[in-house]
Amino acid sequence: LTFIANATNGFSAIDFADTAAGGRGRITYSHADDDLRIDVNGTEAVRIASDGKFGIGDSTPNYELQVNDPSGTVSAIQITNTTTGAGAGDGFLVYNNGLNAILSNEEAGDLRLQTSGSQRLTINSSGTVSISGPNLNMNSAYIDFSGNVSTPSTAAAIYRPADNTLAFSTANTQRMT
C-alpha cells in the first residue's frame with residue numbers, strides 16, 4: 001500500500017500493488033480536474049467527475065450515472081434482490097445491445113410502467129399487454145389477431161375470427177365484420 005501525496009504531477013493516489021506491478025489498483029485524485037478515479041488491473045474503471053457525475057467505463061460521464069462498455073457493444077445495469085437471486089440471468093436488466101435499448105425482467109413476473117404513482121402499462125410474463133389511463137383503458141378491451149377470441153367481463157374486442165376477417169364485438173355480441 002503506497003500513499004502518494006503532494007505529488008508534483010497534480011495527482012494524489014493510493015496504490016494497491018506489489019513491487020513487480022505498481023499502479024495495478026489505484027485510487028487517484030486529480031487536482032487539475034478535481035475528479036476521483038479508480039483503476040483496476042492498471043486501467044481506469046470508474047470516475048467521479050468534479051460535477052458529481054459517475055462514470056463506469058467512461059472517463060467523461062455526461063449524466064449522473066453513465067455506464068459504458070469500452071470493449072464491446074453491450075452495457076447493462078442489473079438490479080436484483082433476495083427473491084430474484086443474483087445470477088447473470090436474474091432480476092431486472094436495463095441495457096443496450098448495439099443500437100437497441102432493452103428493459104428486461106428476467107423473472108416470470110410483470111414488467112410495469114407507472115406515472116404519478118399509478119400503473120399505466122403492464123406486460124405480463126406471457127406477453128399480454130394491458131394499457132390504462134384517463135383517455136384509453138384497454139383493461140376492459142381485448143385485441144386478438146391470432147384467431148382466438150377471449151374477452152374480459154365487458155366483452156369489448158377487435159379480433160380476427162376463423163374466416164380471417166376483422167370483427168368487432170361489444171357486450172359479448174359481434175357487431176361488425
Side-chain angles (χ1 to χ4, degrees), residues 1-139 143:
L1 185 62
T2 306
F3 295 97
I4 304 169
N6 298 320
T8 57
N9 62 2
F11 295 94
S12 296
I14 301 172
D15 275 358
F16 301 89
D18 57 35
T19 55
R24 303 300 292 164
R26 176 178 283 172
I27 300 172
T28 305
Y29 184 80
S30 168
H31 299 281
D33 299 332
D34 284 327
D35 59 22
L36 184 69
R37 305 167 186 182
I38 300 173
D39 293 7
V40 177
N41 197 21
T43 303
E44 183 177 322
V46 173
R47 182 176 294 204
I48 302 173
S50 62
D51 58 3
K53 294 175 180 167
F54 192 93
I56 300 173
D58 192 299
S59 61
T60 56
N62 297 303
Y63 298 96
E64 287 69 25
L65 173 63
Q66 183 164 348
V67 179
N68 180 54
D69 181 0
S71 63
T73 60
V74 177
S75 295
I77 298 172
Q78 181 181 24
I79 302 169
T80 62
N81 58 37
T82 57
T83 302
T84 66
D90 292 329
F92 176 65
L93 297 175
V94 177
Y95 65 102
N96 70 332
N97 185 344
L99 298 175
N100 299 311
I102 301 166
L103 302 175
S104 178
N105 182 356
E106 298 293 299
E107 309 301 325
D110 294 346
L111 182 61
R112 300 176 184 170
L113 298 178
Q114 291 184 208
T115 62
S116 300
S118 296
Q119 189 170 315
R120 304 296 184 193
L121 182 135
T122 301
I123 304 171
N124 72 18
S125 61
S126 64
T128 300
V129 177
S130 174
I131 303 172
S132 65
N135 298 321
L136 173 65
N137 185 345
M138 288 185 63
N139 285 326
I143 300 174

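Atoms considered below: every heavy atom in the structure, side chains included; atoms not considered: hydrogens, waters and symmetry mates.
Between the OG1 atom of Thr28 and the CG atom of Asp35 there is a distance of 9.5 Å, given to the nearest 0.5 Å. Atom CD1 of Ile48 is separated from atom CD1 of Ile56 by 10.0 Å, given to the nearest 0.5 angstrom.
Legend: residues meeting salt bridge (Lys or Arg N to Asp or Glu O under 4.0 Å) with Asp110, ordered by chain and number and at least two apart, are Arg112. Applying the side chain to side chain donor-acceptor pair (under 3.5 Å) rule to Thr122 yields the partners Gln119; only residues at least two apart in sequence or on another chain are considered. With sequence neighbours left out, Asp34 forms a side chain to side chain contact (heavy atoms under 4.5 Å, CB included) with Tyr29, Ser50. With sequence neighbours left out, Thr115 forms a side chain to side chain donor-acceptor pair (under 3.5 Å) with Arg120. Residues meeting the side chain to side chain contact (heavy atoms under 4.5 Å, CB included) test with Ser126, sequence neighbours left out: Asn124, Thr128. The salt bridge (Lys or Arg N to Asp or Glu O under 4.0 Å) check on Asp33 picks up Arg37, with sequence neighbours excluded. For Asn62, the side chain to side chain contact (heavy atoms under 4.5 Å, CB included) partners two or more places apart in sequence, or in a different chain, are Gln66. Ser125 is linked by a side chain to side chain donor-acceptor pair (under 3.5 Å) to nothing, counting only residues two or more places apart in sequence or in another chain. The salt bridge (Lys or Arg N to Asp or Glu O under 4.0 Å) test applied to Glu44 returns Arg47, not counting sequence neighbours.
Remark: the backbone N or O of Gly42 is not paired with any side-chain donor or acceptor of Asp39 at under 3.5 angstrom. Between the Gln78 side chain and the Gly87 main chain, a donor and an acceptor come within less than 3.5 Å of each other.
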Walk me through it: do Arg26 and Ile38 pass the test side chain to side chain contact (heavy atoms under 4.5 Å, CB included)? CA-CA 6 Å; Arg26 176 178 283 172; Ile38 300 173; over 6 Å; no

Donor-acceptor pairs are to be reported for all side-chain atoms of residues 91-103 against protein atoms at under 3.5 Å, with residues two or more places apart or in another chain.
from, atom 1, to, atom 2, distance (Å)
Asn96, OD1, Ser75, N, 3.1

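Pro61 approaches Ala49 most closely through the heavy-atom pair CG-CB, 4.3 Å. Heavy-atom minimum distance, Gly89 versus Glu106: O-CB, 3.3 Å.
For the pair Leu36 and Val46, the minimum side-chain heavy-atom distance is 4.5 Å or more.
Applying the salt bridge (Lys or Arg N to Asp or Glu O under 4.0 Å) test to pairs two or more places apart or on separate chains, none has a residue in residues 78-95. The list of salt bridge (Lys or Arg N to Asp or Glu O under 4.0 Å) pairs with a residue in residues 56-76, not counting sequence neighbours, is empty.
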